[in-house]
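Here is the structure we will look at.
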Amino acid sequence: MSATKGNRIIMSKPLYIGIATSTGDGRAGGQARTDDGVLDISLAIPKEMGGPGGATNPEQLFAAGWASCFHSALKAVAAQRKTPIADSAVVAEVQVYSTPEGGFSLGAALHVELSGVEQAVADELVEAAHAICPYSNATRGNVPVTVDATVA
């Protein structure tokens with residue numbers, strides 16, 4: 001939760017802090033490791049961006065985190081609404097674009113696949129999940145995102 005004081009947002013105590021460190025050459029052959037050592041990976045620029053590929057990259061890590069977080073939000077919303085869903089999966093795509101100034105920006109698409117509900121209910125669940133997911137809230141207004149649901 002947060003409160004505002006003047007123009008400042010005052011945040012409450014964090015529930016959890018994830019810590020990771022990048023060393024070496026960052027995305028161009030570096031390493032990323034969490035403080036607990038559970039995640040310890042090599043990084044590489046994807047072939048599509050002129051790199052060697054062969055290792056993960058920040059966009060894949062972001063996509064994995066967002067897909068997992070959004071999936072949890074979807075399950076929470078369904079449980080809160082007492083709406084059973086059978087099978088479900090979230091596919092997150094994180095896109096990299098070049099900007100006219102020579103920099104880069106991100107875009108994203110979240111594709112939710114589920115069964116056990118009608119399409120209209122699936123659409124409502126996905127929109128509600130998008131409203132509470134921390135990744136969705138962090139990127140809202142900063143990253144163009146599309147969200148869709150497919151019922152099997």
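No experiment lies behind these values; they were computed from the predicted model shown.
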ask   = Which value, rounded to the nearest 0.5 Å, describes the distance between Leu74 atom CG and Leu114 atom CG?
value = 6.0 Å
key: Exercise: identify the closest heavy-atom pair between Ala78 and Leu125   = CA-CD2, 3.9 Å
ask   = For Ala108, does its backbone N or O pair with a side-chain atom of Gln95 as donor and acceptor, under 3.5 Å?
value = yes
query = What is the minimum heavy-atom distance between Ala152 and Ser115, and which atoms define it?
reply = O-CB, 3.7 Å
inquiry  = When you compare the side chain of His111 with that of Thr150, does any pair of heavy atoms fall below 4.5 Å?
reply    = no
key: Validation row: Gln31, Asp40 side chains within 4.5 angstrom (heavy atoms)   = yes
message = Tell me whether Asp87 at atom CG has more than 12 heavy atoms from other residues, nucleotides or ligands lying less than 6.0 Å away.
response = no
inquiry  = Any side-chain to backbone donor/acceptor pair from Glu127 onto Glu124? Under 3.5 Å, distance only.
reply    = no
inquiry  = With a sphere of 6.0 Å drawn around CD of Glu118, does it hold more than 12 non-hydrogen atoms of other residues, nucleotides or ligands?
reply    = no
note = Minimal heavy-atom distance between Ser42 and Ala55, with the atoms involved, is O-CB, 3.4 Å
query = From Glu93 CD over to Glu59 CD, what is the distance, rounded to the nearest 0.5 angstrom?
reply = 13.5 Å
key: Over all atoms of both residues, closest heavy-atom pair of Ala131 and Asn137   = O-OD1, 3.2 Å
Test log, rule side-chain contact (heavy atoms from CB on, under 4.5 Å), inputs Ile41 and Leu61 = CA-CA 10 Å; Ile41 55 171; Leu61 294 169; 3.6 Å; yes
ask   = Can you check side-chain contact (heavy atoms from CB on, under 4.5 Å) on Leu110 and Val91, steps first, answer last?
value = CA-CA 6 Å; Leu110 302 171; Val91 178; over 6 Å; no
request  = Could you go through the side-chain contact (heavy atoms from CB on, under 4.5 Å) check for Val126 and Phe70 one step at a time?
outcome  = CA-CA 9 Å; Val126 167; Phe70 196 93; 4.1 Å; yes
query = Quick check: does any side chain N or O of Thr146 sit under 3.5 Å from a backbone N or O of Ala109, one acting as donor and the other as acceptor?
reply = no
query = Arg140 side chain to His130 main-chain N or O, any donor-acceptor pair under 3.5 Å?
reply = yes
note = Separation between OG (Ser72) and OH (Tyr135), nearest 0.5 Å, reads 10.5 Å
task = Report yes if some heavy atom in the side chain of Val143 is under 4.5 Å from a heavy atom in the side chain of Phe62; otherwise report no.
result = no
ask   = Could you state the interatomic distance from CG (Asn57) to NZ (Lys47), rounded to the nearest 0.5 Å?
value = 13.0 Å
key: pair Leu43-Thr56: side-chain heavy atoms closer than 4.5 Å   = yes
ask   = Under 4.5 Å between any side-chain heavy atoms of Met49 and Ser98, yes or no?
value = no
key: From CD1 (Ile132) to CD (Gln80), nearest 0.5 Å   = 7.0 Å
query = Which atom pair, heavy atoms only, marks the closest approach of Cys69 to Pro134?
reply = SG-CD, 3.3 Å
